[in-house]
Protein chains: 2
Amino acid sequence: MQKETLCLGLLSLGPRSGYEIKQMFEGPLSDFYSLSFGTIYPTLNSLQADKYVSCKQHSQSKKPDKKVYTITKKGMELMKDNLLGDASSYIRSGNFGDQIKSEFFLLLLFSKYLPKETMNTVLNERVLYLRQKLEQFNYDGPVPGNLDAIRNEKSVSFIRGLASALIETGLSYMEKNRGKLS
Amino acid sequence: MQKETLCLGLLSLGPRSGYEIKQMFEGPLSDFYSLSFGTIYPTLNSLQADKYVSCKQHSQSKKPDKKVYTITKKGMELMKDNLLGDASSYIRSGNFGDQIKSEFFLLLLFSKYLPKETMNTVLNERVLYLRQKLEQFNYDGPVPGNLDAIRNEKSVSFIRGLASALIETGLSYMEKNRGKLS
DNA sequence: GATTATATATATCATTCTGATATACATACG
DNA sequence: CGTATGTATATCAGAATGATATATATAATC
C-alpha cells in the first residue's frame with residue numbers, strides 16, 4: 001500500500017501529528033505494518049504541499065512545534081480512489097501472502113544446527129511471547145492517549161479476533177508438535 | 001537474519017547457484033521470507049571472496065555460466081556461530097512479530113471506505129486464495145528440480161503443518177465473522 | 001514454420017525505505 | 001541532582017528492492 005494512502009487512511013480516523021502516527025505503528029498496528037519517521041515526515045510534507053492534508057502548528061513553549069495534520073476533502077477522495085484501485089492487489093498479501101519476513105521460521109528451518117538446549121529455550125520463550133501477544137489482543141480495557149480511535153473501529157475488532165484465533169492455533173500446534181523438531 | 005547467514009544456511013542443504021537460491025525463495029520459502037537477485041548475487045560474491053563458499057563454474061555452451069556455490073567448512077562455522085548468536089532475537093519475529101507488512105489487514109482496516117460489493121468480492125477472493133494456499137501446504141507429492149532438499153527437512157514438515165493449521169483457523173474465522181465487517 | 005511466451009542465468013542500478021543519529025526540552029525516579 | 005525515558009521533528013548513510021539489460025533455450029500457440 002502506498003505510504004500516502006496509508007497516512008491518509010490513518011488521518012481519516014482523526015487529526016494527528018507525525019509522532020502520533022508513528023505511535024499507532026508501534027502500538028495497535030505493530031503486528032501488521034510499520035513505517036519509519038524517515039518515511040512518515042516526508043510523506044506528510046508532500047501530502048500537505050499537494051493539499052491532501054492541512055496542518056495546524058501548535059506551538060508548545062520550548063518543545064518543537066507539534067504539527068497536527070487534518071485530512072482534506074481532496075485527501076479523502078484520493079485515499080478512497082487509491083483503496084478502490086488497489087484493493088484486488090492486496091488479496092494475496094498478509095499472513096501467507098507477500099511481504100512476510102519471518103525470522104522465526106528461518107530459525108526453525110536451520111534449527112538442526114543449534115544445540116538442543118538452545119532450541120528448547122527458544123521454543124519456551126516463543127510460547128511465552130505468544131501467550132503475551134494473546135493477552136494483548138484479548139485485552140479490552142482503555143488504551144492511553146489518542147489511540148482509542150483505532151481501537152473502536154469495527155474492522156479492528158474483526159482483526160483482533162482473527163489474530164487471537166491464529167495465535168491460539170499456533171500455540172497449541174507448537175505445544176503438541178515441538179517434539180517433531182528434534 | 002543477515003543475508004550472509006541465510007544464504008549459507010540454504011547452501012548447507014546442498015550446492016546451488018544464485019538463480020536456484022532465488023527459486024527457493026519463490027517456491028517453498030515464498031510464504032516466509034524473500035531476497036532479491038540484487039541481494040543474492042552480491043552476497044554470494046562476497047561470501048566467495050571471504051572463502052565461506054567455493055564456486056564451480058559450469059559452462060553451458062551458450063547460456064551464461066552456471067556458478068554453483070558450495071559452503072566451506074569455514075562457512076559452516078560462520079553460519080552456526082551467527083545462528084547461535086542471534087537465535088534469541090528471532091523469538092519475537094514471525095507471525096505476530098516484527099517485519100510483518102500485511103496489506104490485507106490494512107485493507108480491512110479501511111474497508112469502510114470501500115463499496116460493500118467491492119469488499120464482498122475481495123473477501124470471496126481472499127477465501128479462494130487461502131484455500132489454494134492450504135492445498136499447497138498439504139500437497140505431499142514430488143516437487144520439481146532441486147527443491148526436494150528443503151522439502152525433506154524435518155523442520156519444513158513442522159512449519160508446513162503449522163502453516164496449514166493457521167490457514168484453516170483463518171479460513172473458518174473469516175467465514176464465520178465476515179458479517180461483522182459491515 | 002513462424003511467432004510468442006516462458007524459463008534459464010547473471011548482473012547492475014535508480015529509487016525507496018529503514019535505522020541511526022541529531023537536536024532540544026520535559027518529566028519522572030531514586 | 002543526575003539519569004533515563006518521553007515528546008517532537010528532521011535528516012541521511014546504508015541497505016534492499018524492483019526493474020531493467022543481456023543472451024539463449026524451449027515450449028506453446030497460431
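Letters go in sequence order (proteins before strands), and every chain restarts at 1.
A 6.0 Å sphere centred on CD of B:Glu135 holds no more than 12 heavy atoms belonging to other residues, nucleotides or ligands.
At least one side-chain nitrogen or oxygen of B:Tyr19 sits closer than 4.0 Å to the OP1 or OP2 atom of C:dT8. Residue A:Lys3 places at least one side-chain N or O closer than 4.0 Å to OP1 or OP2 of C:dC17. When the side-chain nitrogen and oxygen atoms of B:Lys66 are compared with OP1 and OP2 of D:dA25, none of them lie within a distance under 4.0 Å. For A:Tyr41, no side-chain nitrogen or oxygen approaches OP1 or OP2 of D:dA10 to under 4.0 Å. For the pair B:Lys22 and C:dT8, the criterion of a side-chain N or O lying under 4.0 Å from OP1 or OP2 is not met. A:Ser34 has no side-chain polar atom (N or O) that falls below the 4.0 Å cut-off from OP1 or OP2 of C:dT18.
Ring-plane geometry between B:Phe32 and B:Phe137 is classed as tilted, the angle between the planes lying from 30 to 60 degrees on a 0 to 90 degree scale.
Remark on the helix from C:dG1-D:dC30 to C:dG30-D:dC1: inter-end axis angle 40°, axes from five-pair C1' superpositions, rounded to 10°.
Taking atom CZ of residue B:Arg16 and atom P of nucleotide C:dT8, one finds them 14 Å apart after rounding to whole Å. What separates CD1 of B:Ile21 from C1' of C:dA9 is a distance of 13 Å, to the nearest Å. Between the C1' atom of C:dA11 and the CG atom of B:Leu44 lies a distance of 12 Å, rounded to the nearest Å. A:Phe37 places its CZ atom 19 Å from the C1' atom of C:dT16, with the value rounded to the nearest Å. Nucleotide D:dA15 holds its P atom 14 Å from the NZ atom of A:Lys101, rounded to whole Å. One interatomic measurement links the two molecules: CD of A:Glu26 to P of D:dT5, which rounds to 15 Å at whole-angstrom precision. Straight-line distance from the NE2 atom of B:His58 to the P atom of D:dA25: 19 Å, rounded to whole Å. For the pair A:Phe25 CZ and C:dC17 C1', the computed distance is 13 Å after rounding to whole Å.
Within 4.0 Å (heavy atoms only), B:Gln2 reaches no atom of the nucleic acid at all. Here A:Gly18 lies in heavy-atom contact (under 4.0 Å) with sugar-phosphate atoms only. Residue-level contact check: B:Gln23 touches the backbone only, with heavy atoms under 4.0 Å from sugar-phosphate atoms and none from bases.
The residue among A:Thr39 and B:Pro42 whose nearest nucleotide of DNA chain C is located toward the 5' end is B:Pro42.
Side-chain proximity of B:Ser36 to the nucleotides C:dT12, C:dG19, D:dT17 is greatest for D:dT17.
In plain terms, the two heavy atoms of A:Arg151 and A:Tyr139 that are nearest each other are NH2-O, 3.4 Å.
No continuous path of ILVMFWY side-chain contacts below 4.5 Å connects A:Val68 to A:Leu8, so the two sit in separate hydrophobic clusters. When hydrophobic clusters are built by joining Ile, Leu, Val, Met, Phe, Trp and Tyr residues whose side-chain heavy atoms come closer than 4.5 Å, directly or via intermediates, B:Val53 is grouped together with B:Leu13.
Within the 3.5 Å criterion, the main-chain N or O of A:Lys56 finds no donor-acceptor partner in the side chain of A:Lys66.
Note that the CG atom of A:Leu10 and the CG atom of B:Leu109 stand 7.0 Å from one another [nearest 0.5 Å].
Put simply, the side chain of B:Met174 reaches to within 4.5 Å of the side chain of B:Leu123, judged on heavy atoms.
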